[in-house]
Structure formats: structure tokens, C-alpha cells
K.L.:
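First the structure, then my questions, so here it is.
Protein chains get the first letters and strands the later ones, always in sequence-line order, with residue 1 at the start of each.
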Amino acid sequence: MKKYRTHNCGELNIKDKDKKISLSGWINKKRDHGNLLFLDLRDNYGLTQCVIENTHKNFKELEKLSLETVIKIDGQVIERSKDTLNKELKTGEIEISIISYEILGTTKELPIPVFSDQEYSEEIRLKYRFLDLRRKKIHQNIILRSKVISFIRSEMEKLGFLEFQTPILTSSSPEGARDFLVPSRLNPGKFYALPQAPQQFKQLIMVSGFDKYFQIAPCFRDEDARADRSPGEFYQLDLEMSFVEQEDIFNVVEKLMTNVFKKFSNKKILYEKFPQITYSDAMIKYGTDKPDLRNPIIINEFTDIFKRDDVNFEIFKKLISKGNIVRGLIAKKTKDKPRSFFDGIDKWAKDQGASGLAYFTIEKDKEIKGKGPVGKFFSSDSIQEIMKISKHISMILFAMELNYLLELLEIIYLN
RNA sequence: GGGGGUGUAGCUCAGUUGGUUAGAGCGAUCGCCUGUCACGCGAUAGGUCGAGGGUUCGAGUCCCUUCACUCCCGCCA
């Protein structure tokens with residue numbers, strides 16, 4: 001018998017029935033029925049339910065052990081009766097009848113429970129990082145990250161890339177972000193910088209003729225955090241190729257990204273070949289150089305509508321004559337929204353620094369007409385002209401400046 | 001650097017218009033319970049209401065200062 005375990009907590013099943021085994025792990029959860037105790041033992045690989053009855057000499061001791069105590073259990077694999085199977089668990093067809101146990105590590109009272117889906121503030125999670133990383137979801141995320149990175153390495157190698165490490169302590173490079181600085185003991189008053197990206201070193205590699213380089217590279221930037229941006233330090237897949245054009249690089253990255261998502265995600269992959277949009281097209285249609293193409297809304301050009309004689313929106317007409325343009329969003333299913341919905345959007349636009357938001361909804365009862373603050377300025381004909389863009393529109397928003405529109409996309413999409 | 005929000009039990013949170021002894025769930029401790037898998041039931045312990053100052057007969061609640069966390073802006077190829 002091995003000292004700590006013969007199996008891990010995720011591998012025993014009905015085929016191991018009657019085997020004498022040993023497991024080591026953390027007590028994930030206890031269910032104490034007084035004369036019968038269930039104890040879920042957890043390790044990196046999974047959970048196994050162990051069971052002991054009050055006729056056993058160790059029953060009272062095991063009952064007293066607190067969660068997260070690390071123990072070794074010697075026992076026998078037994079088949080669960082049909083009505084006590086747990087299909088949620090890989091090991092749910094069996095359980096371990098405890099023969100003896102040994103405490104490997106005790107615990108104080110836990111500041112945060114491991115067995116819980118409750119969310120905790122980052123502050124408390126980082127303070128007790130070792131407990132946070134024991135929690136199921138976080139633990140599995142870390143395992144997933146390891147597998148993704150390892151997969152990326154093997155894919156890059158298959159594509160003929162060589163992996164290089166580059167130095168961390170370096171001199172400052174003239175990039176946009178502020179450098180992290182590390183004082184030098186040997187040169188008092190002088191500092192190393194941490195690399196914002198492996199820029200200089202990979203260029204050295206490439207001019208030395210190594211042809212294809214990649215690195216899962218640590219990058220350090222001394223800038224403030226954001227909700228979606230870790231402060232200071234992150235990793236990026238960094239790559240360089242020799243004697244190639246833009247398309248060659250797209251081919252490598254597209255293949256890699258689709259393979260990663262095919263392997264690790266169940267989500268539908270929308271594009272094997274990434275859509276290519278020029279910067280100017282993206283700015284005109286979406287108002288951003290990183291559009292989310294799952295969002296069907298695009299920004300339309302309405303300057304000509306406002307030039308019509310049967311449209312009497314004088315403020316915009318005046319601005320157009322000075323060379324401004326009018327662009328707008330068409331939103332669906334907004335006709336029956338309460339006034340507060342529109343006021344909310346208007347207030348939001350003002351919060352963003354705009355003077356306000358011109359909008360109207362379209363009524364289609366007897367004749368087509370515009371409703372809302374600026375609806376009366378539009379003739380039936382001009383609205384029909386707008387509806388050529390989409391038959392299903394019910395609201396239209398105008399703004400004179402592109403920047404405000406792009407963020408409106410998001411808020412309307414969500415509503 | 002600027003603006004907003006939050007801070008109450010170990011954790012997650014409630015606390016009305018300023019008014020008696022500040023509550024709940026989970027966790028902990030103790031007791032009961034032989035088929036649970038978020039087991040169930042009962043009891044007990046646990047509080048500098050972030051800190052400091054002020055207003056008031058009286059402050060978790062109002063005001064000022066300060067600290068921490070958090071979100072947004074700035075910043076980040």
C-alpha cells in the first residue's frame with residue numbers, strides 16, 4: 001500500500017468495486033446524520049463520497065473534524081444503491097466505506113468557506129488566496145488556463161515557431177505606458193525598467209535570422225487598473241515572422257484562435273475566417289475600431305434626409321449647411337417603451353457631454369408619422385425614405401457627432 | 001490625478017423620519033438525527049456599526065475630515 005493514496009478523488013468508479021483503496025484530500029463537506037456520516041473528500045481531480053457508521057470506533061472523531069482538514073482515508077469501494085446514485089459526480093456510482101483514517105493537516109476556523117458559490121470581494125479573496133484557489137470554479141479556471149497555454153505552445157510549434165525567453169530586467173523602451181522601475185544595487189541612483197512588451201529583444205532575435213518567434217510573454221505596464229484590465233502585469237502571446245505579408249500573419253492567428261476555441265469552448269464559432277474591415281469602414285459603420293459583430297446595429301447616414309424640403313428640422317439644417325453631417329441609429333421594438341426609457345437615454349447622452357439626443361419613434365396606424373420630440377419635423381415621405389434602410393424600425397436616434405453614437409450602440413443593444 | 005458608490009458579526013447583507021437591548025442567512029460551538037449529496041431540527045457564542053471630530057437630550061442613521069475597497073474618466077500601441 002502506498003503511503004498517501006492508491007487513487008485520486010476523481011477516478012474511482014463501479015469497475016473498482018470491492019477494491020481496498022486509499023485516498024488523500026481535503027474534507028469538502030460533511031453530512032452528519034448522527035449515526036451515519038457522509039464525508040466528501042476533495043483533491044485536484046474531483047470528489048469522492050466516503051461513509052462511516054456509528055458502530056465504527058473512529059466515528060466520533062471523524063464527526064468532529066472540521067471542513068478543509070486534510071486526511072488520508074483507507075477504505076473499500078462499494079456500489080451505491082440505485083436510489084442513492086449521484087449523477088452530478090464522476091464518482092457518483094460508488095462510495096468509500098471508511099476502514100481507517102489519518103489526519104495529515106488540521107485547520108483553524110475558515111475566514112471564507114471553500115464549499116460555496118457565494119461571491120466575495122477581491123480584497124478578501126486575495127487575502128486568503130490559498131482558500132479562494134481551492135474553490136471549484138476558480139480551481140478549474142486555473143487548470144483551464146494551464147491547458148490553454150500548453151495547447152497554444154504545441155500549436156505554435158506545429159506551425160514552425162521557436163519559443164524564446166527574453167530578459168525581464170532591462171532598460172526603458174520608448175513606448176506609451178509608464179515603466180515599472182527597479183533600483184539597481186550595483187549602480188546606485190540608476191534603475192532597471194520592466195519590459196512593457198518584449199519588443200527590443202524579439203527584434204534582436206528576428207534580425208539574427210531565427211525566422212519565426214513566439215513567446216507567452218510577461219508584460220509590465222505601470223498604469224491604473226480597470227474592471228477588465230489587471231493592474232501592472234499580464235501575459236500576451238507575442239509572435240514575429242520573417243518574409244511575410246499581412247495575410248500570412250492573419251492565417252496563423254486565425255488558425256490558432258479557432259483551434260483554441262474549438263478545443264476548449266462549446267460556444268458556436270461564428271467565423272473560421274475573421275471578417276476584415278478597414279479602419280475607416282469600422283469607424284463609419286460602428287463608431288469604434290473594435291466592433292462587436294454579434295450586435296446587428298449599425299450607424300446610418302442621414303444627412304440627405306435633413307436636406308429635404310419636407311423636413312423642417314432647422315437646427316440640423318443650419319449645422320449641415322456649415323458642413324456637419326447627421327448620422328443615426330435605428331432601434332427596433334421601442335415604440336411601446338415608456339417615456340422614462342427615452343428620458344434615460346437622453347440623460348445618459350447629456351452625462352456623456354452631449355447637448356442632448358434627438359429621437360423619434362414611428363407610428364404606423366393610418367399614416368406613417370413620427371412621434372416624440374422631433375417627430376413632427378418629418379413628413380410621411382421622408383420617414384418612408386428612412387424606412388428603406390429597415391422596414392422594422394420603430395425608433396431612430398440622431399446625433400451630430402460620431403463619438404456619442406458608438407457608446408449608444410451598447411446601451412440600446414442591452415435594452 | 002478627477003468624479004461616483006460602498007464600508008454594520010468570520011463571510012454575504014438588511015437596518016424605515018435621528019429614538020428602548022443593532023438583525024437575517026451562511027459559517028463556528030454544543031445537542032438531536034441511519035442514506036445524504038446546498039441533508040434536516042434545536043440551542044449558544046459572536047459587534048470599536050472603517051477611523052477621528054462635530055451637531056443633538058439622543059447618531060449605525062445628519063455634517064466635516066480621513067482611510068480602505070470598488071466603478072467610471074484620465075492613462076494603458
K.L.:
How is Gln199(A) classified with respect to the nucleic acid when contacts are heavy atoms under 4.0 Å: base, sugar-phosphate, or nothing?
P.N.:
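The residue Gln199(A) makes base contact.
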
K.L.:
Quick one: stems involving RNA chain B, counted as three or more successive Watson-Crick or G-U pairs, both distances short of 3.5 Å.
P.N.:
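So far as stems of 3 or more pairs are concerned, RNA chain B shows B:1-7 with B:67-73, B:10-13 with B:23-26, B:28-32 with B:40-44, B:50-54 with B:62-66.
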
K.L.:
What nucleotide, of A68(B), G1(B), G35(B), holds the atom closest to the side chain of Arg80(A)?
P.N.:
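Ranking A68(B), G1(B), G35(B) by closest atom to the Arg80(A) side chain puts G35(B) first.
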
K.L.:
Gln118(A): what forms a side-chain contact (heavy atoms from CB on, under 4.5 Å) with it, not counting sequence neighbours?
P.N.:
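Result, side-chain contact (heavy atoms from CB on, under 4.5 Å) vs Gln118(A): Ser116(A), Tyr120(A).
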
K.L.:
Of the nucleotides G74(B), C33(B), C11(B), which has the atom closest to the Tyr120(A) side chain?
P.N.:
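So the nucleotide nearest the side chain must be C11(B).
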
K.L.:
Among the nucleotides A28(B), G35(B), G31(B), which one has an atom lying closest to any side-chain atom of Lys64(A)?
P.N.:
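Nearest to the side chain of Lys64(A) among the choices is G31(B).
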
K.L.:
Name the atoms and distances for all side-chain donor-acceptor pairs under 3.5 Å in residues 121-131 of chain A, with sequence neighbours left out.
P.N.:
| unit_1 | atom_1 | unit_2 | atom_2 | d |
| --- | --- | --- | --- | --- |
| Ser121(A) | OG | Ile124(A) | N | 3.4 |
| Arg125(A) | NE | Asp132(A) | OD1 | 3.3 |
| Arg125(A) | NE | Asp132(A) | OD2 | 2.9 |
| Arg125(A) | NH2 | Asp132(A) | OD2 | 3.2 |

K.L.:
With a non-hydrogen cut-off below 4.0 angstrom, is Leu37(A) in contact with a base, only sugar-phosphate, or nothing?
P.N.:
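No contact.
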
K.L.:
Using a cut-off of strictly less than 4.0 Å between a heavy atom of the residue and any atom of RNA chain B, enumerate the qualifying residues of residues 84-109 of chain A by number.
P.N.:
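Hits under 4.0 Å, by residue number: Thr84(A), Leu85(A), Asn86(A), Glu95(A), Glu109(A).
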
K.L.:
Do any pairs count as a salt bridge (Lys or Arg N to Asp or Glu O under 4.0 Å) and have a residue in residues 20-31 of chain A, sequence neighbours left out, and if so which ones?
P.N.:
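Listed by first then second residue: Arg31(A)-Asp40(A).
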
K.L.:
Just jot down the ring pair (Phe, Tyr, Trp, His ring centres under 6.0 Å) partners of Phe59(A), sequence neighbours excluded, or say none.
P.N.:
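Once residues adjacent in sequence are excluded, Phe59(A) has no partner under the ring pair (Phe, Tyr, Trp, His ring centres under 6.0 Å) criterion.
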
K.L.:
Taking side chain to side chain donor-acceptor pair (under 3.5 Å) as the cut-off, I'd like each qualifying pair that reaches into residues 139-152 of chain A, sequence neighbours left out, listed once.
P.N.:
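Of all non-adjacent pairs touching residues 139-152 of chain A, those that pass side chain to side chain donor-acceptor pair (under 3.5 Å) are Asn44(A)-His139(A).
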
K.L.:
Which pairs with one or both residues in residues 235-250 of chain A pass salt bridge (Lys or Arg N to Asp or Glu O under 4.0 Å), sequence neighbours excluded?
P.N.:
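Applying salt bridge (Lys or Arg N to Asp or Glu O under 4.0 Å) to every pair that reaches into residues 235-250 of chain A, excluding sequence neighbours, yields Lys202(A)-Asp238(A), Lys202(A)-Glu240(A), Glu247(A)-Lys273(A).
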
K.L.:
Show the nearest heavy-atom pair for residues Thr258(A) and Glu272(A), with the distance to one decimal.
P.N.:
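Reported closest heavy-atom pair: CG2-O, 3.7 Å.
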
K.L.:
Under the side chain to side chain donor-acceptor pair (under 3.5 Å) definition, can you give me all pairs with a residue in residues 189-199 of chain A, not counting sequence neighbours?
P.N.:
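Residue pairs passing side chain to side chain donor-acceptor pair (under 3.5 Å), neighbours aside: Asp179(A)-Gln196(A).
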
K.L.:
If you look only at pairs with a residue in residues 101-114 of chain A, which of them pass as a side chain to side chain donor-acceptor pair (under 3.5 Å), with sequence neighbours excluded?
P.N.:
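Listed by first then second residue: Glu61(A)-Tyr101(A).
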
K.L.:
Relative to the 5' end of RNA chain B, which residue comes earlier, Ile78(A) or Pro111(A), by the nucleotide with the nearest heavy atom?
P.N.:
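Looking at the nearest nucleotide for each, Pro111(A) comes out on the 5' side.
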
K.L.:
So which protein nitrogen or oxygen atoms get under 3.5 Å of nucleotides 39-44 of chain B's nitrogens or oxygens?
P.N.:
| unit_1 | atom_1 | unit_2 | atom_2 | d |
| --- | --- | --- | --- | --- |
| C39(B) | OP1 | Lys29(A) | NZ | 3.0 |
| C39(B) | OP2 | Arg31(A) | NH1 | 3.4 |
| C39(B) | N4 | Asp32(A) | O | 2.1 |

K.L.:
What's the closest nucleotide to the Ser121(A) side chain, out of A77(B), G1(B), U12(B)?
P.N.:
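Looking only at heavy atoms from C-beta outward on Ser121(A), the closest nucleotide is U12(B).
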
K.L.:
Which pairs, with at least one residue in residues 197-222 of chain A and sequence neighbours excluded, count as a ring pair (Phe, Tyr, Trp, His ring centres under 6.0 Å)?
P.N.:
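Only Phe164(A)-Phe210(A) qualify under ring pair (Phe, Tyr, Trp, His ring centres under 6.0 Å).
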
K.L.:
Closer than 4.0 angstrom, basic N to acidic O: yes or no for Arg42(A) and Glu68(A)?
P.N.:
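Judged by the 4.0 Å cut-off on N to carboxylate O distance, Arg42(A) and Glu68(A) do form a salt bridge.
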
